[in-house]
Amino acid sequence: MGRLKLQTGINSIEEEEPEECDDACPSRTTLSCMINSEIGAVLAVMRRNVRWGSRYMSGDDHLEHSLIQSFKALRRQIFSWNHHQWQSINPTLYLQPFLDVIRSDETGAAITGVSLSSVYKILTLDVIDHNTVNVEDAIHLVVDAVTSCRFDVTDTSSEEVVLIKILQVLLACMKSKASVMLSNQHVCTIVNTCFRIVHQAGNKDHALVNGSSNLKQETGGLNNEYAFGSRKLENGSMSSEYDNQPQPTNFASNAASAVTVTMMDENTAIALTGKEGASYDVHLMTEPYGVPCMVEIFHFLCSLLNVIENTELGPRSNTIAFDEDVPLFALTLINSAIELGGPSIHHHPRLLSLIQDELFHNLMQFGLSMSPLILSMVCSIVLNLYHHLRTELKLQLEAFFSCVILRLAQSRYGASYQQQEVAMEALVDFCRQKTFMVDMYANFDSDITCSNVFEDLANLLSRSAFPVNCPLSAMHILALDGLIAVIQGMAERITNGSANSEYSPVNLEEYIPFWMVKCENYGDPNHWVTFTRRRKYIKRRLMIGADHFNRDPKKGLEFLQGTHLLPDKLDPQSVACFFRYTAGLDKNLVGDFLGNHDEFCVQVLHEFAGTFDFQDMNLDTALRLFLETFRLPGESQKIHRVLEAFSERYYEQSPHILANKDAALVLSYSMIMLNTDQHNVQVKKKMTEEDFIKNNRHINGGNDLPREFLSELYHSICKNEIRTTPEQGVGFPEMTPSRWIDLMHKSKKTAPFIVSGSKAYLDHDMFAIMSGPTIAAISVVFDHAEHEEVYQTCMDGFLAIAKISACHHLEDVLDDLVVSLCKFTTLLNPSLVEEPVLAFGDDMKARMATVTVFTIANRYGDYIRTGWRNILDCILRLHKLGLLPARVASDAADESELSAETVHGKPIVNSLSSAHMQSIGTPRRSSGLMGRFSQLLSLDTEEPRSQPTEQQLAAHQRTLQTIQKCHIDSIFTESKFLQAKSLEQLAKALIWAAGRPQKVNSTPEDEDTAVFCLELLIAITLNNRDRIGILWPGVYDHISNIVQSTVMPCALVEKAVFGLLRICQRLLPYKENIADELLRSLQLVLKLDARVADAYCEQITQEVSRLVKANASHIRSQLGWRTITSLLSITARHIEASEAGFDTLLFIMSDGAYSLPANYVLCVDTARQFAESRVGQAERSVRALDLMTGSVNCLSRWTSEAKETMEEEQMSKLSKDIGDMWLILGQGLRKVCLDQREEVRNHALLSLQKCLTGADDIYLPYGKWLDCFDLVIFTVLDDLLEISQGHSQKDYRNMEGTLILAVKLLSKVFLQSLPVLSQLTTFCKLWLGVLTRMEKYMKVKVRGKRSEKLQETVPDLLKNSLLSMKMRGILAQRSALGGDSLWELTWLHVNNISLSLQLEVFPEQDSEHLQHKQGESVGGLAPEEKVSVPSSGITSLEDTGFVG
């Protein structure tokens, strides 16, 4: 409803008249002819009348009536005007004869009607405009004549014709170009005349309809005919005397649907002063019409509503005992006026004042009308006022909703069903205004002096939507529409954006007087949003404090002190304001507190009275308002204190008649006594008016109060009781006159109206209040609904709620919504029907709910928490029915990332997505929806089934379409976009849905569910590799429970194990920070029950192999490699898995590609286990030994790299570590040297020899060589010797060759390491160990006899050693007797092996001499220095030093 742009009178007419006006305008001659024909028409009608006809026919001109003479005179003149312009001719000359006929009371209805038609035609010929000579007098003359029209009534029909023609002429006056010359007084007269004609028509519907239409057109003409911009109008008012207008008996509702009263222009500035009752100056009313006449017309329309004041209404009767036509007529015109003129009323204070007070007060009264027509029109007017003037009607709007809408929309207040329905329709219309509820919340719910309008309206809608023990009705649907309109408004504001989407809770850090909290700028959201939230927080806390106060006043005040709403030290003003502005207080307790004689309580009482505004208020009205806020105590002393405080405040503000405050106190007491006397049923003899006046003599400073004043008080109290026991609680009170007066006082001081705008500033707060009841209401309606339109409305509401909850991060609300919706999917309850798929396809409600649930999950999953459990329940139900798409449990990374998993350029085949994944069977009857569909089409050969019906096929098709719309797979494939908290809850829900694994056999259905949930869990884990830290603890624990509780192979444990491997495969390249944790999880495989492990060992090994080949470069820690090598070690003993395991080890150790200091020892040990394993051919053991041998190169390489890059300290540490690895390698090979298989045993010795002799590039501390001999070489020689002597030849074939290799190993290693060994302080002991073992190998018996080959080999090897020692100067005779033990001990052992060796090594020395010296040397040793050489080794020898 826009505002018409006002033009000047001429321009307006030009816009309204057709463009071809110039062509249509008659020529001067034509105009003369037209007027002449009109004269002839009037005379012709008059001729037919006996009174006029006889005179006319007689020819006696002197007897002709003056009316006829004037027409004849005009006829003689009109053609003589042809040479003049019509605008220069005074219109009075050719209008006067017709107007005289209209004014004459001698003419009949027919003659008057023809004359009116003639005037109408002249006015519509467009010959009269504002430039015409004497146009002002002419147009005034027309109005005066028509409004005072008189004629003889001969019959009803002719009377109606005349009345209608009067209306037509008046309308033509307003639409004429000359209408700008009409004065304010004339316009008011026109409207008054139209109203009289309309209601004079009585039951004559035709005249009534046309008359009303003309009235609205005439008042509408006020917009188009008058230019306001250049004229300043003065203040004033024409006093109307419309109260005694005739009352109509009928009214057609379509009589006046619109009246265009947009008479105010933006540029018009009128300075209004004085009181409302002041009259406009007489000269102002005679000026061309403008705002003054419109004020008068509007005041007149409002006055038509004052009739209610003369009716008697019971407090709860809601009846209006008068004809509805008059108020309905006025309301209709007022509504139309506001529709078009509303925006401009701001600029005209007098009109605005009329609306604020008189109009709105009447609307409040008519709002309780039993007439649906009147109530509907009242609501329409208020809606328009809200649109255009809500900033000026803050408290009026609050009163309307509290005292009218909220009362009528509930049956408990005695409203009829029709009233409830109209009130609810009105409320829904308001709710459809996008900012209405926000305005209510910002201005009322957040204001401590106002009621919670938003909350009350939202609760009303929620309650009204609930069908309680009754079927769904139109009222329920209507309330639902209102709720959803509010919700959708919030959803739309989200799209518009918000200044601050993050909600910050309010907290009071220190005490601030809550009644003084102000906003710096009510037009700036940066100010008023924070202010509103703070004020709402205060209001809510005050309500809580009131609850505490009602239970214990002392604790209530202490609570408010604790929340900084009252100061730590109570002061009277703060407590008084708490009592004054807090709703819900127990008024009995407040009354007792205020009436208490305690000094503090008395101070509070006076501060409390000071919060009231009694300015220009009647005493009885002021007293009523004062006593409404608490219960007047019963004790006389308390009453006296209370009334004394009241009297002081009243006299302070309204001392007009009263001489002093004592007069006010005495009169107040007297009024209380009168009230008790008149309204107490126990008082039989009532006080008369004279008695009341007599009782109050000489109280006004010794003088009497005016009798009229006392009389008015008496009748007011007799008619309307002063309630000294006001109703408790926060209800929806009636709007009494005293309350309205108080409202008008407050409206002058209330805070400005906050215009909320289109952004979601307060929606978080509002939605938190109404979300719970709204979800419940929509759910109940959806449950009871039977029509698709209602279903869709509910679904739209659910989606809007979800959107708002997500935007404002209200996770609990979204969870509640999901829980409610899931109940309607019918998927949570096991269906008892034989074909649940068909039942689902036939249930539209279930299908719509299902689609909505998954739509919410996909759109707003970020903010779902516990609701995931219900969603998963639905998914599991669909899974059991075979209705899920095939890809639900797959992860999106399968296609996008699989191609990137390559090793040396070759793609790796992921068996988990092929063979192994396919092996996981489920007990489902079919694999998907199409499978279920094909089941329906299949025919059982044993029990032939009939073909499915068309209905069944259609049901299946609907089911298919529903599941496709759900996009269930997106929940999991798009889980990478979920917020962390939601993702964590989704994973927990999956684990919860899977159930805890049982060691005893579970049902196939339970296992199928567990497998499916595990698939989904693995899928979201793989999809969220960047957030694996969130998911991993729960996933690991779940898989661990499955692994440790399973004792037999089954699909669940298979999925768990291979899912775990798959996770590691896919995440290791991207998550090195948790690589150790991922790999450690693979230790779960080691905990598998033996039967389970055996069943899957080969496949596990293959997956470990793929994992290593794809991610070897990403495994860096010793912990990670320990897990891998532990798994590979197990495969060494498994026939089926060993090949794949060894292949993996080969991949790691070949050429040292992935050998690291971190995994060296582990890989060597694993290789040793493969070498020792007798599973498979000996060739693989040999290859394993080669791997161990080749690993020495890694040690050499690391040493070389360290020399180039490391500092000395680091180098030293690394050298020690490398030495340890080298020694461990030797020890590992030593163990394999004892293998029963000759080929392996001998190859191990050769490998050991290569490792020990190939360590030249390795920096080894001297001590490592000593450890090598002690722990490796000597040990292996001793063990082989023991084996050769103690075991059957069948177990160890050809030990002779092995012993030869062993002794060669000893000799070669000794010779190569001799330069280093000779530096050891324990070299002598080491050397003796070598000699001892050679001596033993000389004496060993193989197959019962000494080995010839050993007899030949050992001396040769020993000789080489001796020669090398001689050459290096290590073995030489150095001193006299007792000074060179190495020399003597050497030859002592050598001679036991071969006597000729000494001469062969030292041929230059005399044999006898040598023997002699040797004997002396040995004989000359001290007892404690004598050395025995035990066969077991050199551990008992003392250090003897060395020569070098």
Side-chain angles (χ1 to χ4, degrees), residues 431 434 437-438 441 454-455 458-459 461-462 465 480 482-505 533 536 759-782 792-825 848-872 874 966-967 970-971 974-975 977-986 989:
C431 292
K434 302 304 180 184
M437 280 298 203
V438 194
Y441 182 84
F454 161 77
E455 195 167 343
N459 289 335
L461 289 171
S462 300
L480 175 71
L483 270 181
I484 293 181
V486 176
I487 293 299
Q488 289 180 334
M490 292 183 181
E492 289 178 16
R493 283 192 290 276
I494 291 172
T495 308
N496 296 334
S498 173
N500 181 17
S501 59
E502 292 296 328
Y503 176 76
S504 53
R533 284 181 172 164
K536 179 60 178 176
K759 292 191 176 181
Y761 296 117
L762 299 173
D763 285 358
H764 180 283
D765 311 65
M766 296 165 57
F767 187 71
I769 292 173
M770 69 178 297
S771 58
T774 301
I775 291 175
I778 299 177
S779 299
V780 172
V781 173
F782 185 64
Q792 191 58 53
T793 301
C794 294
M795 292 303 102
D796 293 342
F798 283 135
L799 288 174
I801 291 172
K803 180 178 181 180
I804 300 165
S805 303
C807 172
H808 296 295
H809 302 181
L810 297 170
E811 294 87 356
D812 292 343
V813 176
L814 195 55
D815 286 336
D816 292 342
L817 175 61
V818 169
V819 170
S820 297
L821 265 175
C822 286
K823 295 176 182 177
F824 296 113
T825 62
M848 293 182 75
T850 303
V851 171
T852 305
V853 165
F854 289 108
T855 300
I856 291 172
N858 278 300
R859 288 184 188 173
Y860 313 113
D862 280 342
Y863 306 99
I864 298 177
R865 298 293 182 263
T866 57
W868 283 122
R869 292 191 175 188
N870 300 78
I871 293 173
L872 282 175
C874 294
C966 290
H967 301 292
S970 298
I971 295 174
E974 301 299 319
S975 61
F977 302 113
L978 283 178
Q979 288 188 3
K981 290 183 179 180
S982 178
L983 179 65
E984 185 179 5
Q985 291 297 324
L986 175 57

Practice task
For the residue pair I801 and S771, establish whether any side-chain heavy-atom pair is separated by less than 4.5 Å.
Solution key: no
Problem - Interatomic spacing from CE in M848 to CD in Q792 - rounded to 0.5 Å - result: 4.0 Å
Practice task
Grab the two heavy atoms, one from A806 and one from Y860, that are nearest each other, plus how far apart they are.
Solution key: CB-CD2, 3.6 Å
Exercise for the section: Working to the nearest 0.5 Å, report the span between OG of S820 and CZ of F798. Expected result: 6.5 Å
Handout entry: Heavy-atom pair with the smallest gap, counting every atom of A849 and F824
Key = CB-CB, 3.7 Å
Practice task
Compare all side-chain heavy atoms of I856 with those of L814 and state whether any distance is below 4.5 angstrom.
Solution key: yes
Completion exercise
In terms of heavy-atom contacts, I494 and K803 come closest through CD1-O, 3.8 Å
Handout entry: Contact check, side chains of C966 and T850, non-hydrogen atoms, under 4.5 Å
Key = yes
Problem - Donor on one side chain, acceptor on other, N459 and E455, under 3.5 Å - result: no
Exercise for the section: Any chance you could lay out the side-chain contact (heavy atoms from CB on, under 4.5 Å) test for F854 and S970, step after step, and finish with the verdict? Expected result: CA-CA 9 Å; F854 289 108; S970 298; over 6 Å; no
Handout entry: Backbone of V813 reached by a side-chain donor or acceptor of S805 within 3.5 Å
Key = no
Practice task
Test M795 against V851 for side-chain contact (heavy atoms from CB on, under 4.5 Å), laying out the working first.
Solution key: CA-CA 9 Å; M795 292 303 102; V851 171; over 6 Å; no
Fill in the blank from the handout: Paired with W868, the side-chain contact (heavy atoms from CB on, under 4.5 Å) test is passed by just one of L986, L983, V818, namely L986
Handout entry: Value rounded to 0.5 Å, distance of CE in M437 from CD1 in I769
Key = 11.0 Å
Exercise for the section: Please examine the side chains of F977 and D862, heavy atoms only from C-beta on, and report whether any two atoms are closer than 4.5 Å. Expected result: no
Exercise for the section: State the CG-CD distance between D816 and E811, to the nearest 0.5 angstrom. Expected result: 11.5 Å
Practice task
List the atom of D815, the atom of G867, and the distance in Å for their closest heavy-atom pair.
Solution key: OD1-N, 3.0 Å
Practice task
Find the distance between CE (M770) and CD1 (I775) and round it off to the nearest 0.5 Å.
Solution key: 10.0 Å
Exercise for the section: Side-chain contact test, heavy atoms from C-beta onward, threshold under 4.5 Å: evaluate it for D763 versus H808 and give yes or no. Expected result: yes
Practice task
Verify side-chain contact (heavy atoms from CB on, under 4.5 Å) between R865 and D812, making sure each step is shown before the conclusion.
Solution key: CA-CA 8 Å; R865 298 293 182 263; D812 292 343; 6.0 Å; no
Completion exercise
Closest heavy-atom pair, V781 versus C794, reported as atoms and distance to 0.1 Å, is CG1-SG, 4.1 Å
Exercise for the section: Side-chain contact test, heavy atoms from C-beta onward, threshold under 4.5 Å: evaluate it for Y863 versus Q979 and give yes or no. Expected result: yes
Practice task
Find out whether I487 and I778 are in side-chain contact, i.e. whether some heavy atom of one side chain is under 4.5 Å from a heavy atom of the other.
Solution key: no
Problem - Where A777 and A465 come nearest, the two heavy atoms and their spacing - result: CB-CB, 4.0 Å
Practice task
Please step through side-chain contact (heavy atoms from CB on, under 4.5 Å) for the pair D796 and Q488, ending with a clear verdict.
Solution key: CA-CA 8 Å; D796 293 342; Q488 289 180 334; 3.6 Å; yes
Practice task
Could you check if a side-chain atom of K536 sits within less than 4.5 angstrom of a side-chain atom of D765, using non-hydrogen atoms only?
Solution key: no
Practice task
Hey, could you give me the CD1/CZ distance between I864 and R859, rounded to the nearest 0.5 Å?
Solution key: 12.5 Å
